[in-house]
Each structure stands twice: as C-alpha cells, then as structure tokens.
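For clarity, every value in this text was computed on a predicted model and none was experimentally measured.
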Amino acid sequence: MSKSFSPSVLASILRTRGIEPDEKVTSAAGQDYGYVAAWELPDGDYLVAYGNNGETNYDVADDADDLACWLESPDLSALDTIIQTANVRGDIDAAADEEAEGPFYIVKTRSYYGPTEESAFVETDDNIGGPRQFAAYADAQKWIDAEEEGVYCTSHNESGTPTYTIVSE
C-alpha cells in the first residue's frame, strides 16, 4: 500500500523533521514580499513552497533553476511587471535611454537594513495616486535632480538615500 501526500503535507513533514530546503530564494523586497523554498525529491522533481507572510502555496516542479519565477505573476500590465521584477529580482530591465519615446516614469528604489530593496513608481501629487508620467526623458531627469538636491530624511530602518531609474513601457 503506497501513501501519497499533498505538497503542503509533505512540506510540513519535511519541516517537522528538520529537513531544510535544498534551495531558497527571498525576493529583493524581503521575505514579506515573497519567499520560495525547494526540496529535491527522490524522483528528481522538486517540492516548491512559495508565497509571502500572508499565504504559502505548494506545488511540484521538474526543476529549480529559476525559483524567483514562482513569485511573479504572468498577467500584469507592462508597468506592473517593471515594479514586480524590481521587487522580486532586484532588477529594473526597462531602464529607458534618452532617445526613447515616452511616456516616461520614475522607479524609486529604497534600501533597508536586512538587506531589502523596495521599488515603487513615483506617484502624482493629486489624491488619485498612480505613476507620475513624463512626456520627455529630460523632464523626468529634471524631477530627479530636484529630489536629489534637497536634504533627504531616511525612514525607520532605511539605510540611505533612494535611487531613481527612468523607465518607459
């Protein structure tokens, strides 16, 4: 008689017995934003636990080459994908060059002790929120220059001044 366990039960058994995952990934924005653990199973597949502090999901995969992909949603808009990639992988692949066509947006990345990095779009000044949009690259750069000119007061646990990246869709 063979017993089969759901992925969540199997993960619980492994943790209870002190068996650590073979591979781990924590998102650039920290464990609250996302964490993945993978245990190699005897058949070569991997038991994958992924999610954040609020929810953990379990699945079985045939490899563990790119664990960060378990934290990424494939059906986001281009702008949301930029922020998701920055917060999961710590990369901003969509950095615009000065010759690109607009609209342009600014991603503000703040670093915290831990270490974690959290990225978000610079928002509009009105109560509506949403990403601030710039028609020209030079306008976005002018906004950044004005921000960097003044004195910056760090928030609790923030480890320095933020960085700014100009992006386009």
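Applying the salt bridge (Lys or Arg N to Asp or Glu O under 4.0 Å) rule to Lys24 yields the partners Glu20; only residues at least two apart in sequence or on another chain are considered. Listed by chain and number, the residues in a salt bridge (Lys or Arg N to Asp or Glu O under 4.0 Å) with Glu149 amount to none (sequence neighbours excluded). Take Asp32 and apply the side-chain hydrogen bond (donor to acceptor under 3.5 Å, both in side chains) test, not counting sequence neighbours, and it matches Asn53. In this structure, Glu40 has no salt bridge (Lys or Arg N to Asp or Glu O under 4.0 Å) partners at least two apart in sequence or on a different chain. Residues passing the side-chain hydrogen bond (donor to acceptor under 3.5 Å, both in side chains) test with Ser27: none are found, sequence neighbours excluded. In this structure Glu99 satisfies the side-chain hydrogen bond (donor to acceptor under 3.5 Å, both in side chains) test with no other residue, sequence neighbours excluded.
Nearest approach of Gly51 to Leu71, heavy atoms of both residues: O-CD2, 3.8 Å. Scanning both residues, Gln31 and Thr26, for their nearest heavy atoms gives N-CG2, 3.5 Å. The shortest non-hydrogen separation linking Ala38 to Leu67 is CB-CD2, 3.9 Å. Minimum heavy-atom separation, Pro131 to Tyr105: CB-CD2, 3.8 Å. For the residue pair Ile106 and Ala140, the shortest heavy atom distance occurs at CD1-O, 3.5 Å. The nearest pair of heavy atoms linking Thr56 to Ala49 is CG2-CB, 4.2 Å.
No single ILVMFWY cluster, assembled from side-chain heavy atoms under 4.5 Å apart, contains both Tyr112 and Tyr33. Hydrophobic clustering, with ILVMFWY side chains joined whenever heavy atoms are under 4.5 angstrom apart, groups Val60 together with Ile13. When the side chains of ILVMFWY residues are joined at heavy-atom separations under 4.5 Å, either directly or via intervening members, Val107 and Trp143 end up in two distinct hydrophobic clusters. Val9 and Leu14 fall within a single hydrophobic cluster, where Ile, Leu, Val, Met, Phe, Trp and Tyr side chains are chained together by heavy-atom contacts under 4.5 Å. If you chain together hydrophobic residues whose side chains sit under 4.5 Å apart, Phe5 and Ile19 fall into the same group.
At distances below 3.5 Å, not a single donor-acceptor pair connects side-chain atoms of Ser12 with backbone N or O atoms of Ser8. The main-chain N or O of Ser119 is found under 3.5 Å from a side-chain atom of Asn87 such that the two form a donor-acceptor pair. Side chain of Arg132 to backbone of Thr124: no donor-acceptor contact under 3.5 angstrom is found. The backbone N or O of Thr109 sits nowhere less than 3.5 Å from a side-chain atom of Glu117 that would complete a donor-acceptor pair.
Between Ile144 atom CD1 and Phe134 atom CZ the span is 7.5 Å, to the nearest 0.5 Å.
Applying the salt bridge (charged side-chain N to carboxylate O under 4.0 Å, His left out) definition to pairs two or more places apart or across chains, those involving residues 101-114 are Arg110-Glu158. Sorted by first then second residue, the salt bridge (charged side-chain N to carboxylate O under 4.0 Å, His left out) pairs that include residues 58-67, not counting sequence neighbours, are Asp66-Arg89. Counting only residues at least two apart or in different chains, salt bridge (charged side-chain N to carboxylate O under 4.0 Å, His left out) contacts with residues 133-146 are absent. For residues 35-86, every residue pair satisfying the ring-ring contact (aromatic ring centres under 6.0 Å, His included) rule, not counting sequence neighbours, is listed here: Tyr50-Trp70.
Using a 4.5 Å cut-off on side-chain heavy atoms (C-beta onward), Phe104 and Gln133 make no contact. Counting heavy atoms from C-beta on, the side chains of Leu41 and Leu10 come closer than 4.5 Å.
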Between side-chain atoms of residues 161-169 and protein atoms elsewhere (two or more places apart, or another chain), which donor-acceptor pairs fall under 3.5 Å?
none

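In the hydrophobic clustering, where aliphatic and aromatic side chains (Ile, Leu, Val, Met, Phe, Trp, Tyr) are joined below 4.5 Å either directly or transitively, Tyr152 stands alone.
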Decide side chain to side chain contact (heavy atoms under 4.5 Å, CB included) for Ile83 and Asp80; before the verdict, give the C-alpha distance in whole Å, the side-chain angles of both, and the deciding distance to 0.1 Å.
-> CA-CA 5 Å; Ile83 294 301; Asp80 289 335; 5.9 Å; no
